[in-house]
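Comments concern the structure below.
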Amino acid sequence: MRILFFGRGVISTQYAWALEKAGHTVEFYVRKGRKESFGSHIALEMWDARRGKQLIQESWKIKLHEEISPNYDLIIASVNTEQLPEAAQLLSTTAGNTPILIFNNIWQDLKSSISPLSMNNVVFGFPGAGGGIEDNKLRGGFLKMIFLEKPRVGTEQINNKVKELFESAHFKINWIKDMQSWLWNHFAMNAAMETEVLKRGSFPALMNHSDSFANVGKSMREMTPVLKARGAKTDAITLLLTKIPSALLGTLFNKVIFAKGSLARRFIEYNNSKAGFAVLEVVREAKKLGISLPSLTVALENTEQHKAIET
């Protein structure tokens, strides 16, 4: 297949590399001026966990475009959540009938999040990857599993195309029946993590405090009424974070899920993104619903996001 990745971010770059190695043609759309600043190569230091745990270290040659044409079999958009509306608007005027995979975290309802694109031309998925890019060097990794919504009426053909694409590169599909609820739960979990990052100063710092994940659990419990008010069904992650006692939760995450040397821990330690947007979005929604979120609100104080709420 010939695939266009919207943006040359952490997620796009890693999956593009894997798909190219599987024999597909991959190219990137970037904003004007980025083609020159990014250059023709990117340094990779990433963990490939599809077959065991393999460290990839190479300078990878990439093809960048500052315009979008409809001459692709699939477009994959994985951008910062706040950039998705702009991306959808641009794709609606440039992508033609090319099917699109939205490989993204989302807090809006799915239809609104990709307006003015047609839901019949879009499927939603979520990566099993993480990391960060700094000075044109990517440090991160990806797991064997990716998440993909079960076909809706009218999207069966696109879902099958995406399935065949990722399976050709030896990824395993985890099918999600209710993608809307799944993404809302996942976004809330991100907000809980970012709440702690705002207190600690960075994602790596989050991993160096033994009580960080106990606090993540407390923030997640605080947000449960917001999820319920939206009609989200509670998933396994939310149940884990809200039902297990805080002290035990901290031990579970620090010693097992994010144990030293684990890929999950590395993905967070490599993450150099700016925290706060997920917290802001959940707090805004809670204010509309009349629900108090003291932990999240306090974490936002003295940030640009807090000023946005006030104004």
Lys53, NZ: over 12 other non-hydrogen atoms inside 6.0 angstrom:
yes
Between CZ on residue Phe124 and CD1 on residue Ile106, distance to nearest 0.5 Å:
5.0 Å
Is a donor on one side and an acceptor on the other found under 3.5 Å between the side chain of Thr98 and the backbone of Pro70?
yes
I'd like to know if the side chain of Ser115 and the backbone of Lys111 have a donor-acceptor N/O pair within less than 3.5 Å.
no
When hydrophobic residues are tied together by side-chain contacts of less than 4.5 Å, even through go-betweens, does Ile75 share a cluster with Val26?
no
One should read off an interatomic distance between Arg284 CZ and Leu293 CG, to the nearest 0.5 angstrom, of 14.0 Å
Start with the C-alpha gap between Phe5 and Ile11, add the side-chain angles, then the distance that decides, and say whether side chain to side chain contact (heavy atoms under 4.5 Å, CB included) holds.
CA-CA 10 Å; Phe5 282 84; Ile11 302 302; over 6 Å; no
Taking the six-membered ring for Trp, are Phe258 and Phe213 closer than 6.0 Å centroid to centroid?
yes
Do Ile173 and Phe147 make a side-chain contact, defined as non-hydrogen atoms from C-beta onward lying under 4.5 Å apart?
no
Is Arg139 reaching over with its side chain to a backbone N or O of Glu269, donor-acceptor style, under 3.5 angstrom?
no
Report the C-alpha distance between Trp60 and Glu20 in whole Å, list the side-chain angles of each, state the deciding distance to 0.1 Å, and finish with yes or no for side-chain hydrogen bond (donor to acceptor under 3.5 Å, both in side chains).
CA-CA 11 Å; Trp60 182 45; Glu20 184 180 89; 2.8 Å; yes
More than 12 heavy atoms of other groups within 6.0 Å of Asn208 CG:
yes
Value for CG (Asn174) from CE (Met145), rounded to nearest 0.5 Å, stands at 5.0 Å
Provide the closest heavy-atom pair for Asn104 versus Ala77 in the form atom of the first, atom of the second, distance.
OD1-O, 3.7 Å
Quick one: salt bridge (charged side-chain N to carboxylate O under 4.0 Å, His left out) pairs with a partner in residues 181-209, sequence neighbours left out?
Glu196-Lys199, Glu196-Arg200, Arg200-Asp211
Side-chain hydrophobic cluster, 4.5 Å single linkage: members besides Leu143:
Trp47, Leu55, Leu263, Phe267, Tyr270
Apply side chain to side chain contact (heavy atoms under 4.5 Å, CB included) to residues Ser168 and His24 and explain how you reach the verdict.
CA-CA 9 Å; Ser168 74; His24 302 281; 2.8 Å; yes
Could you tell me if Asn160 and Glu156 have a donor-acceptor pair between their side chains, going purely by distance under 3.5 Å?
no
Examine distances only and state if a side-chain atom of Thr195 and a backbone atom of Leu296 form a donor-acceptor pair shorter than 3.5 Å.
no
Between Gly130 and Gln14, which heavy-atom pair has the shortest distance, and what is it?
O-NE2, 3.2 Å
Does atom CD1 (Ile237) have a neighbourhood of more than 12 heavy atoms from anything else shown, all under 6.0 Å?
no
Tell me whether Val162 is reachable from Phe142 by hopping between hydrophobic residues (I, L, V, M, F, W, Y) whose side-chain heavy atoms are closer than 4.5 Å.
yes
Give a yes or no on whether Val283 and Met189 share a hydrophobic cluster (residues Ile, Leu, Val, Met, Phe, Trp, Tyr; joining criterion: side-chain heavy atoms under 4.5 Å apart).
yes
Connected via hydrophobic side-chain network under 4.5 Å: Ile76 and Phe38
yes
Which word best sums up how the rings of Phe166 and Phe171 line up, parallel for under 30°, tilted for 30 to 60°, or perpendicular for over 60°?
perpendicular
Exceeds 12 heavy-atom contacts within 6.0 angstrom, atom CD of Glu58
yes
Any salt bridge (charged side-chain N to carboxylate O under 4.0 Å, His left out) pairs touching residues 65-79, not counting sequence neighbours?
Lys32-Glu67
Could you pull out all donor-acceptor pairs under 3.5 Å where a side-chain atom in residues 82-92 meets a protein atom, sequence neighbours excluded?
residue: Gln83; atom: OE1; partner: Asn80; partner atom: N; Å: 3.2
residue: Ser92; atom: OG; partner: Gln89; partner atom: O; Å: 2.6

Intermediate values then yes/no, side-chain hydrogen bond (donor to acceptor under 3.5 Å, both in side chains), Arg221 and Ser246:
CA-CA 10 Å; Arg221 283 192 287 275; Ser246 297; 2.6 Å; yes
Between Tyr72 and His65, what is the ring plane arrangement, given parallel below 30°, perpendicular above 60°, and tilted in between?
perpendicular
With no hydrogens and no angle check, is any side-chain donor or acceptor of Trp184 less than 3.5 Å from a backbone partner on Trp107?
yes
Interatomic spacing from CD in Glu149 to CG in Leu101 - rounded to 0.5 Å:
9.0 Å
Are any of the side-chain heavy atoms of Leu110 and Met119 separated by less than 4.5 Å?
yes
Tell me if a side-chain donor or acceptor on Ser219 pairs with a main-chain N or O of Ala192 at a distance below 3.5 Å.
no
Is there a side-chain contact between Glu45 and Leu138, using heavy atoms and a 4.5 Å cut-off?
no
Within the 4.5 Å heavy-atom criterion, are Leu252 and Leu240 side-chain neighbours or not?
yes
Are any of the side-chain heavy atoms of Leu165 and Lys161 separated by less than 4.5 Å?
no
Applying a strict under-4.5 Å side-chain criterion to I, L, V, M, F, W and Y, I'd like to know whether Val226 and Trp182 cluster together.
no
Would you say the side chain of Leu183 lies within less than 4.5 Å of the side chain of Phe126, judging by non-hydrogen atoms?
yes
If you round to the nearest 0.5 Å, how far is CG of Asn121 from OG1 of Thr155?
10.5 Å
Go through it in stages, so that I can follow the logic: the residues are Met1 and Thr25, the test is side chain to side chain contact (heavy atoms under 4.5 Å, CB included), and I'd like the CA-CA distance, side-chain angles, deciding distance and then a yes or no.
CA-CA 6 Å; Met1 287 189 197; Thr25 299; over 6 Å; no
CA sep, side-chain torsions, deciding dist, call: Asn185, Thr238, side-chain hydrogen bond (donor to acceptor under 3.5 Å, both in side chains)
CA-CA 7 Å; Asn185 278 270; Thr238 300; 2.5 Å; yes
Quick one: does Leu249's side chain get under 4.5 Å of Ile257's, heavy atoms only?
no
For a 4.5 angstrom cut-off between non-hydrogen side-chain atoms, does Trp17 reach Asp48?
yes
Provide the full list of side chain to side chain donor-acceptor pair (under 3.5 Å) pairs with a residue in residues 1-13, sequence neighbours left out, each pair given once.
Arg2-Glu27, Arg8-Asn136
What's the verdict on side chain to side chain contact (heavy atoms under 4.5 Å, CB included) for Asn105 and Asn190, showing C-alpha distance, side-chain angles and the deciding distance?
CA-CA 9 Å; Asn105 215 358; Asn190 273 20; 2.7 Å; yes
Side chain of Asn271, backbone of Ser273: donor and acceptor closer than 3.5 Å?
yes
To the closest 0.5 Å, what do you measure between CG (Asn215) and CD (Glu222)?
11.0 Å
Mark yes or no for whether Ser112, through its side chain, and Asp109, through its backbone, hold a donor-acceptor pair below 3.5 Å.
no
What are the two closest non-hydrogen atoms of Ala191 and Val282, and how far apart are they?
CB-CG2, 3.8 Å
Describe, in one word, how the ring planes of Tyr29 and Phe6 are oriented to each other, choosing from parallel (under 30°), tilted (30 to 60°) and perpendicular (over 60°).
tilted
Output all residues satisfying salt bridge (charged side-chain N to carboxylate O under 4.0 Å, His left out) with Lys144, sequence neighbours left out; order by chain, then residue number.
none
